[in-house]
2 protein chains.
Amino acid sequence: MNDSSIIDAPEAEEPTSLYQRILNDIRGQIVSGAWPPGYRIPFEHELTVQYDCSRMTVNKALSQLANSGLIERRRRSGSFVRAPRGQAAVLEITDIRNEVDALGLPYSYTLSSRQERRSRLADAQLLGPQCPKKLLEMTCLHYAGQLAFCLEQRLISLDAVPDAVDESFQDLAPGPWLIRRVPWSTAEHRIRSEAAKPPVSTGLNVADGTPCLIVERRTWSADEPVTFARFNYPGELHSLVARFKPD
Amino acid sequence: MNDSSIIDAPEAEEPTSLYQRILNDIRGQIVSGAWPPGYRIPFEHELTVQYDCSRMTVNKALSQLANSGLIERRRRSGSFVRAPRGQAAVLEITDIRNEVDALGLPYSYTLSSRQERRSRLADAQLLGPQCPKKLLEMTCLHYAGQLAFCLEQRLISLDAVPDAVDESFQDLAPGPWLIRRVPWSTAEHRIRSEAAKPPVSTGLNVADGTPCLIVERRTWSADEPVTFARFNYPGELHSLVARFKPD
DNA sequence: TGTGTCAATATGTATAGACATAAGAGAAAG
DNA sequence: CTTTCTCTTATGTCTATACATATTGACACA
């Protein structure tokens with residue numbers, strides 16, 4: 001399970017245009033520590049002299065650095081290296097089918113339960129204050145070969161996605177169905193570890209108390225809740241990877 | 001533990017400049033689904049007419065959309081809405097002290113063990129192929145009140161950070177020490193769930209088999225491995241949050 | 001039919017200039 | 001000494017223009 005052999009340091013690439021060269025140069029000064037947090041970056045005017053270019057070119061580079069959060073720009077004062085930023089990592093969320101494929105195992109999917117119902121108080125806990133009136137609740141199992149890879153507990157707002165009542169979800173998982181049907185504007189993920197209890201433990205066919213990686217995803221489209229999904233990955237066979245990428 | 005009351009849908013904000021208005025308009029068309037993947041966005045020239053502005057203004061908006069991955073630009077052909085992107089979420093990695101503070105509990109820290117040594121084969125598994133020769137290995141405990149909140153297992157490359165030998169780490173955790181001393185260019189996080197075993201279970205004072213959330217972080221500076229950290233969060237009291245943010 | 005050439009076109013990058021805006025510094029007024 | 005005003009300055013945005021570059025379609029040629 002501890003397949004840590006896929007570790008590789010990243011590589012730099014050559015800049016192609018002037019503004020990218022300026023951008024790389026400055027970012028280099030920052031990430032190398034030569035320009036510590038609080039350091040005042042040369043004024044745009046000074047950089048135009050240094051690189052012998054127009055202010056717009058310098059501005060393009062500095063603007064990108066600014067809205068990627070590496071520097072802060074203050075009128076009249078100049079541009080400054082930002083405090084060591086709360087390190088942000090990008091978590092790439094893929095379809096479960098892709099995860100299984102990546103393991104080289106055959107993927108299969110079954111629907112365990114499906115129920116249309118009115119929403120209850122407990123649902124508002126999961127979907128937020130603007131909880132829809134009607135819901136579709138499902139439990140699904142994703143297999144990697146013979147192995148139960150993930151148990152999915154899913155709520156779909158029938159207010160936001162009325163078409164879902166016409167879909168059986170017998171052969172197609174709700175995730176890929178939704179992603180091609182409903183545009184989404186925001187998603188939030190909560191990740192934690194939990195001991196498996198029924199019905200999760202029975203569904204996954206693991207002993208009670210088996211540690212599970214839980215990923216809960218809430219999705220909104222234009223401020224309206226669309227869906228809630230809880231993915232239960234049993235044991236230690238699954239790990240999420242998040243990479244920091246400057247810019 | 002399931003403190004799900006901190007759920008709120010996001011809000012839109014008003015554009016301040018023309019290019020931001022263009023950017024928001026187009027992004028709106030895309031995330032609302034009105035312009036599906038593959039749709040050809042109006043040419044820059046058409047947009048300059050529509051918004052009555054110069055091409056540079058349109059270009060600034062489209063460029064940002066392009067390098068945030070929402071659209072793809074092809075010379076001579078135009079700009080196209082990209083395929084439903086691999087959903088990416090941003091994981092905000094904070095100092096453990098901040099996490100404890102956020103819970104409203106008093107933070108304290110102790111160093112359990114500290115050892116300078118030559119690197120072994122097993123270390124290359126963790127730090128990658130360019131494993132350093134000399135290492136500093138530590139085990140630390142982070143408390144939230146009386147509760148063991150997190151057990152940290154830490155390796156620091158003494159090749160990359162020779163200064164670390166002079167630091168006792170008795171009162172300051174390696175994380176904040178490193179972050180203000182060593183600039184880093186890349187970080188990778190692996191997140192999984194695991195049953196606690198000795199020495200982790202004994203260090204955290206929890207029963208063997210207690211599910212733990214494991215966050216492993218590898219950090220490089222200029223392609224050289226700097227540090228490896230494994231954070232063991234026992235039980236279900238901790239959860240990571242990752243938010244999708246368009247742009 | 002296949003291929004090479006060429007012009008048309010949309011984007012990529014850069015320029016010089018313009019005005020707006022905010023924020024700091026210093027002067028003037030209370 | 002404090003408040004208020006003006007002036008200066010660096011950034012924020014926008015324009016009109018220019019040339020480079022990649023790609024496509026059309027046309028001519030073997």
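Residue numbers start from 1 in every chain, and the chains themselves are labelled A, B, ... in the order their sequence lines are given, proteins ahead of strands.
- We find that CE of B:M56 is positioned 8 Å from C1' of C:dA14, with the value rounded to whole Å.
- For A:Y109 and A:H142, the ring centers are positioned less than 6.0 Å apart.
- When the nearest nucleotides of DNA chain C are assigned to B:A66 and A:S54 by heavy-atom distance, the more 5′-ward of the two goes with B:A66.
- The aromatic ring centres of A:Y143 and A:Y107 sit 6.0 Å or more apart.
- In this entry the distance linking CZ of B:R76 with P of C:dA10 reads 7 Å, nearest Å.
- Per the geometry, CD belonging to A:Q64 stands 13 Å off P belonging to D:dT13, to the nearest Å.
- Atom-to-atom, CZ of B:F43 to P of D:dT24 comes out at 12 Å; the value is rounded to the nearest Å.
- The CD1-C1' distance, from B:I41 to C:dT11, rounds to 13 Å in whole Å.
- Residues B:R75 and B:K60 each lie close to DNA chain D; by heavy-atom proximity, the contact nearer the 5' end of the strand is made by B:K60.
- Atoms CD and SG, from A:Q170 and A:C140 in turn, are 10.0 Å apart once rounded to the nearest 0.5 Å.
- The residue A:R55 sits close to a base: some heavy atom pair falls under 4.0 Å.
- A:R74 has its CZ atom 16 Å from the C1' atom of D:dG12, to the nearest Å.
- For A:T57, a side-chain nitrogen or oxygen approaches OP1 or OP2 of C:dT15 to under 4.0 Å.
- Among the protein residues, B:L62 comes within range of no part of the nucleic acid, since none of its heavy atoms lies under 4.0 Å from any strand.
- Here A:S17 reaches the OP1 or OP2 of C:dT13: one of its side-chain N or O atoms lies under 4.0 Å away.
- In this model, no donor atom of one side chain and acceptor atom of the other lie less than 3.5 Å apart for A:R21 and A:N24.
- If you take CD of B:E44 and P of D:dT17, they are 17 Å apart, rounded to a whole angstrom.
- One can place CG of B:D52 at 8 Å from P of D:dT15, the figure rounded to the nearest angstrom.
- A sub-4.0 Å separation between OP1 or OP2 of D:dT11 and a side-chain N or O of A:S79 is present.
- Of the possible polar contacts, none joining the A:S79 side chain to the A:I41 backbone as a donor-acceptor pair under 3.5 Å is found.
- Looking at heavy-atom distances under 4.0 Å, B:S63 makes no contact with the nucleic acid at all.
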